[in-house]
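Shown next, in structure tokens, is the structure this report addresses.
Proteins come first, then strands; the chains are lettered A, B, ... in the order of their sequence lines, and each starts at number 1.
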Protein chains: 2
Amino acid sequence: MFSDETPVGRTTPPEDQQSLVAYVVDSIIDGVSKGSYAHGQRLIAADLAEQYGVSRAPVREALHVLAGEGVVEITPNRGAKIRRLSTKQLFDFLEFTESICALGVRLATEKMDEPEHVAALEVCFSHITEAWDRRHGRDFVTALYMYHVEVNRISGNQFVDFFYRRPYIRFYTILLAEKVTGIHWEQYILNYKRIHETIIEGDTHAAAATFVSHIRWVLKHLNAADTA
Amino acid sequence: MFSDETPVGRTTPPEDQQSLVAYVVDSIIDGVSKGSYAHGQRLIAADLAEQYGVSRAPVREALHVLAGEGVVEITPNRGAKIRRLSTKQLFDFLEFTESICALGVRLATEKMDEPEHVAALEVCFSHITEAWDRRHGRDFVTALYMYHVEVNRISGNQFVDFFYRRPYIRFYTILLAEKVTGIHWEQYILNYKRIHETIIEGDTHAAAATFVSHIRWVLKHLNAADTA
DNA sequence: GCATACGAAATTACATACAAAAAAGTAAGG
DNA sequence: CCTTACTTTTTTGTATGTAATTTCGTATGC
């Protein structure tokens, strides 16, 4: 979407991590997000082990975590590959997360009688506009993502909250943002201003409707970009 | 929900499996589903290894898959536990999957001009009624689950399809069914007859509405059972 | 020139070994 | 009798070894 200005911080050294498995998982997710690993690329345990300075055991365990997450595919006797996603699948992913986020938005809007919830959302939204003003792509996407994380937290539905924070959702979200072209970003941020306003106003129906119509708008443009 | 009539087939021997990891994953999921493992129970790698006649390596890898799936929690240096789910969380899970299944239903209904889709759904629905007639709890839940798997497949949204077939969805669905009490199952099957009819009729709006109102009905009764 | 068969290298899957951390048991002190 | 410190046992996390499988390069036959 935007050009990527900062080279993105390298992965944390193993000492700071809780376990080597977590370190390797984060490193791989990070590597995929920033494009170090191509989709469909084979991940060879021994190579990764050497690269990250650990043995094959934690690498294999990390790959199995990622397989469980749905970020890599493990074929018996054929090892792990980064899951390849077609544009169609990313489109489907967006349509899919629409349902989840819409639920989060609907439930969170009902909780806007609590001033602290409003305040928390205001902070998150300020991060969106800030990243937008700086035209910083990755930060913008991250801020949008974090906004929904907060919405889902406020929603009170623990499963929505849990689900949306899963690494693979994060991963697909970033991936999607990078693939999206032909979107009118000025309109996008305007939509979000409107969504944010309706949420904090506490009008459940309006918030859900506004959000859904925003996603429909995005889907429409994505679709157009795909078939073009 | 119902009494469980059959003792549920034991896990497949390792020879039939593609890999020991897959075998252990299936075995654990199966064990959790049928209640062999309590929620919050610690899973000791060495014990599982001995139990399944394999070494600790594939067991640990299986546990990491399940951690990625969200079925077990791994705490550094403290091993793996079956994720404990409160009634509230299962309630949230149902509310969550409503959104997904509703999307699947909406999209699938649009595809009912294909006779083969209708036929496929008819088969799946016959399994529901058959299990219902036999009053077989596990089969009934499984048939309902498989119905939605088919709906999601027909929907054409690959992500919904992918997501709903994840082991942990299956796992939570079974768990939920076992916890649900105070539901009027006669009404439940009537609702599903209605849902099925509206889907195959191809009326998108009606199908979505019927399905959502069904879930609302379930949620209402669940809620009542929870607070009672 | 192209397909097929063969063999070497690479890679995986699984088992085992060992150090570090946590848990459990035991004894001393209040 | 309960709490606390220490020791032992259990369990985890990581590294390494090995057989089986796959992959890749090469040569052979058509």
Side-chain angles (χ1 to χ4, degrees), chain A residues 11-29 31-32 36-69 71-84 167, chain B residues 11-29 31-32 36-69 71-84 167:
Chain A
T11 50
T12 331
E15 300 88 46
D16 299 2
Q17 286 291 138
Q18 299 186 316
S19 75
L20 293 187
V21 175
Y23 163 62
V24 174
V25 167
D26 288 350
S27 300
I28 294 175
I29 287 256
V32 174
S36 308
Y37 304 117
H39 305 175
Q41 179 180 332
R42 202 171 154 196
L43 294 176
I44 291 154
D47 292 357
L48 293 172
E50 194 184 15
Q51 187 177 339
Y52 297 124
V54 298
S55 76
R56 286 172 1 245
V59 169
R60 278 184 62 84
E61 286 168 2
L63 289 174
H64 280 87
V65 170
L66 293 170
E69 288 279 353
V71 173
V72 310
E73 281 173 325
I74 295 181
T75 320
N77 293 321
R78 247 164 237 185
K81 284 182 171 186
I82 305 284
R83 211 159 95 90
R84 169 172 276 131
Chain B
T11 48
T12 331
E15 300 87 48
D16 299 3
Q17 286 291 137
Q18 298 185 318
S19 75
L20 291 188
V21 176
Y23 163 61
V24 174
V25 167
D26 288 349
S27 300
I28 294 175
I29 288 257
V32 175
S36 309
Y37 304 119
H39 306 173
Q41 179 179 333
R42 203 169 153 197
L43 293 176
I44 291 155
D47 292 358
L48 293 172
E50 194 184 13
Q51 188 178 338
Y52 297 124
V54 299
S55 78
R56 273 176 48 226
V59 169
R60 281 183 60 84
E61 286 166 5
L63 289 174
H64 280 85
V65 170
L66 293 169
E69 289 279 355
V71 174
V72 309
E73 282 173 324
I74 294 180
T75 319
N77 292 321
R78 246 164 240 186
K81 285 181 172 185
I82 305 284
R83 210 158 96 89
R84 168 171 276 131

Heavy-atom nearest pair, Ala45(A) first then Val59(A), reads O-CG1, 3.7 Å
DNA chain D contacts among residues 60-69 of chain A, heavy-atom distance under 4.0 Å = Glu61(A)
Rounded distance [0.5 Å steps], NE2 in His64(B) versus CG in Leu63(A) = 11.0 Å
When you compare the protein's N or O atoms with those of nucleotides 7-10 of chain C, which come within less than 3.5 Å of each other, and at what distance?
none

Map Ala57(A) and Asp47(B) onto DNA chain D by nearest heavy atom, then report which one ends up closer to the 5' terminus.
-> Asp47(B)
When rounded to whole Å, the CG to C1' distance for the pair Leu20(A) and dA19(C) reads 14 Å
Any chance you could measure Ile82(B), atom CD1, to Glu73(B), atom CD, to the nearest 0.5 Å?
-> 10.0 Å
Indicate for each nucleotide in nucleotides 20-25 of chain C, in 5' to 3' sequence, whether protein heavy atoms under 4.0 Å reach the base (B), only the sugar-phosphate (S), or nothing (-).
-> -SSS--
Between Gln18(B) (CD) and dT12(C) (C1'), how many Å, whole number?
-> 14 Å
How many angstroms lie between CG in Leu66(A) and CG in Leu43(A), if you round to the nearest 0.5 Å?
-> 8.5 Å
With a 4.0 Å cut-off (strictly under) to non-hydrogen atoms of chain A, the first and last hit nts on DNA chain D, 5' to 3', are dT14(D) to dT23(D)
Going from CD1 on Ile28(B) to OH on Tyr52(B), what distance comes out if it is rounded to the nearest 0.5 angstrom?
-> 5.5 Å
Qualifying salt bridge (charged side-chain N to carboxylate O under 4.0 Å, His left out) pairs with a residue from residues 46-63 of chain A, counting only residues at least two apart or across chains | Arg60(A)-Glu61(B), Glu61(A)-Arg60(B)
Under the side chain to side chain contact (heavy atoms under 4.5 Å, CB included) test, which residues partner Ser55(B), sequence neighbours left out?
-> Ala57(B), Pro58(B)
Mind running side-chain contact (heavy atoms from CB on, under 4.5 Å) on Leu48(A) and Tyr37(A) for me, showing each step along the way?
-> CA-CA 12 Å; Leu48(A) 293 172; Tyr37(A) 304 117; 3.6 Å; yes
For the atom pair NE2 (His39(B)) and NZ (Lys81(B)), what is the distance rounded to the nearest 0.5 Å?
-> 14.0 Å
